[in-house]
Amino acid sequence: MHMDCKKQFSGGFLVFMAALCWSTNAPLVKYISLDPLLLAGIRALIAGLCFAPFIPWRKLYWNRWLLVYSLSYCALSLILMICLKLTSAAIAVGMQYTSCVWLFLLAIWQKKRFPPKTYAAIIIIIAGIVLFMLDGGEESHFFGNLLSIGEGLLFAAITYSANQLRDYNPLAVTAIANLTSAILIFAFLPPSIMDLATVSLQDWPLLLFLGAVQVGGGYTLFNLGSRSIRPQKASIIALWEIILGPIWVALFLHEYPAASVAAGLIVIFTGVLLYMTSDSGENQPAAGR
């Protein structure tokens with residue numbers, strides 16, 4: 001039991017560190033003046049190349065979960081960039097974290113039970129996400145809002161499949177997903193490469209950080225941490241990204257969130273704390289495949 005608790009803590013801590021890495025995306029992307037699609041492609045390419053040496057090319061084998069993870073990761077990257085152009089940033093980012101709802105619905109469908117405290121935490125978190133997304137309503141677009149619904153499903157698929165890929169090197173999983181994403185972005189939605197000429201020398205270290213640490217390091221930590229905790233718990237801990245991102249923007253860029261965003265962050269934080277104090281069955285590691 002002691003060993004199991006230790007694995008639970010270490011897994012949760014790794015997912016939290018992943019969220020910490022992801023949260024640096026907000027201030028850095030705001031600072032770098034680059035087309036979002038080109039930025040997504042470069043970021044994925046850098047992450048894929050940095051971690052490519054860890055891919056066991058001769059022993060590489062695909063199973064359904066690696067395929068689900070890679071395709072969901074690529075689709076999420078593309079849809080997020082499209083939504084950022086068609087609707088408000090709050091909606092585009094916030095909808096990704098409705099993944100916790102889909103994962104809990106899946107668990108309920110699998111006839112798993114949770115204590116009332118867990119359900120209360122989920123309701124509070126969803127209320128916070130809704131408040132967060134109320135900002136910038138005039139920037140929203142119906143098609144963008146509709147498309148953003150898919151973000152939660154895709155991140156839920158990434159989270160669930162990461163939990164199933166315990167036999168894979170997490171560094172290799174990160175590399176494969178990012179290389180797949182970069183190839184598809186440049187092949188089917190080719191951005192203007194000429195925009196690279198506008199990138200200053202000071203911006204390139206930030207691009208390298210975005211690829212190697214923010215995306216590559218973040219998803220590697222997430223893949224590793226997701227192995228020892230339930231997907232539902234991983235999706236809740238990942239919410240720290242949405243809490244920390246606006247804080248970094250305020251501290252380093254002196255851009256402060258609107259009242260609805262601030263209220264939403266407080267409510268989300270309350271829900272996360274309530275969930276983490278609940279003693280629920282979903283916190284136990286998933287059974288073997």
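For the pair P56 and N169, the minimum side-chain heavy-atom distance is 4.5 Å or more. Within the 4.5 Å cutoff, side-chain heavy atoms of I55 are placed close to those of L179. Under the 4.5 Å side-chain criterion, counting only non-hydrogen atoms from C-beta, L39 is in contact with L210. Between I108 and K112, every side-chain heavy-atom pair lies at or beyond the 4.5 Å cut-off. Taking the side chain as every heavy atom from C-beta outward, L165 and N63 approach each other to under 4.5 Å. In this structure the side chain of W240 reaches within 4.5 angstrom of the side chain of F269, judged on heavy atoms.
With hydrogens and angles disregarded, a donor-acceptor distance shorter than 3.5 Å links the side chain of N163 to the backbone of S226. With S235 contributing its side chain and Q232 its backbone, the two residues share a donor-acceptor pair below 3.5 Å. For T24 (side chain) and L20 (main-chain N/O), no donor-acceptor pair under 3.5 Å exists by modelled atom type.
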Pair I122, I236 - check side chain to side chain contact (heavy atoms under 4.5 Å, CB included), show working. CA-CA 9 Å; I122 296 301; I236 297 296; 3.6 Å; yes
Could you walk me through whether L45 and N178 satisfy the side chain to side chain contact (heavy atoms under 4.5 Å, CB included) test, starting with their C-alpha distance in whole Å, then the side-chain angles of each, then the deciding distance to 0.1 Å, before giving a yes or no? CA-CA 6 Å; L45 182 61; N178 278 283; over 6 Å; no
For C21 and L221, what are the C-alpha separation, side-chain angles and deciding distance, and is it a side chain to side chain contact (heavy atoms under 4.5 Å, CB included)? CA-CA 9 Å; C21 289; L221 290 167; 4.0 Å; yes
Between M95 and T98, is a side chain to side chain contact (heavy atoms under 4.5 Å, CB included) present by the stated rule, with each step listed? CA-CA 5 Å; M95 283 301 291; T98 58; 4.1 Å; yes
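Across every non-hydrogen atom of I176 and W62, the tightest pair is CG2-CH2, 3.5 Å. Between K117 and T277, the closest heavy-atom pair is NZ-OG1, 3.2 Å. The two residues L201 and P205 come nearest to each other via the heavy atoms O-CD, 3.1 Å. I125 and I268 get closest at one heavy-atom pair: O-CG1, 4.0 Å. Considering every non-hydrogen atom in both L14 and G225, the closest pair reads CB-CA, 3.8 Å. Here the closest heavy-atom approach between residue Y69 and residue V173 is recorded as CE2-CG1, 3.5 Å.
Within 6.0 Å of CH2 in W22 there are more than 12 heavy atoms belonging to other residues, nucleotides or ligands. In the displayed structure, Y119 atom OH is contacted under 6.0 Å by more than 12 heavy atoms of other residues, nucleotides or ligands.
Taking the six-membered ring for Trp and the full ring otherwise, the centers of F114 and F104 sit less than 6.0 Å from each other. Checked against the 6.0 Å centroid threshold, Y160 and W65 count as a close aromatic pair.
Between L171 atom CG and C50 atom SG the span is 11.0 Å, to the nearest 0.5 Å. Taking OG from S99 and CG from L106, the interatomic distance works out to 12.0 Å, rounded to the nearest 0.5 Å. The structure places CG of L60 at 7.0 Å from CG of L66, a figure rounded to the nearest 0.5 Å. L76 contributes atom CG, which lies 6.0 Å from atom CD of E151 (distance to the nearest 0.5 angstrom). Atom CD of Q214 sits about 11.5 Å away from atom CG of L207, to the nearest 0.5 Å. Going from atom CZ of F252 over to atom CG of L28 covers 9.5 Å, rounded to the nearest 0.5 Å.
Ring geometry for Y219 against F222 counts as perpendicular: the plane angle is over 60°, on a 0 to 90° scale with 30° as the lower cut.
Cluster membership check: L184 does not share its hydrophobic cluster with L49, using side-chain heavy-atom separations under 4.5 Å among Ile, Leu, Val, Met, Phe, Trp and Tyr. Residue I229 is grouped with residue F16 when hydrophobic side chains (ILVMFWY) are merged at heavy-atom distances under 4.5 angstrom, including chains of intermediate members. No continuous path of ILVMFWY side-chain contacts below 4.5 Å connects Y61 to F51, so the two sit in separate hydrophobic clusters. No single ILVMFWY cluster, assembled from side-chain heavy atoms under 4.5 Å apart, contains both I129 and I123. In the hydrophobic clustering of ILVMFWY residues, with side-chain heavy atoms under 4.5 Å counting as a link, L153 and W109 come out together.
A donor atom on one side chain and an acceptor atom on the other are not found under 3.5 Å apart for S70 and T180. Residues S23 and W248 have side chains that bring a donor and an acceptor to within less than 3.5 angstrom of each other.
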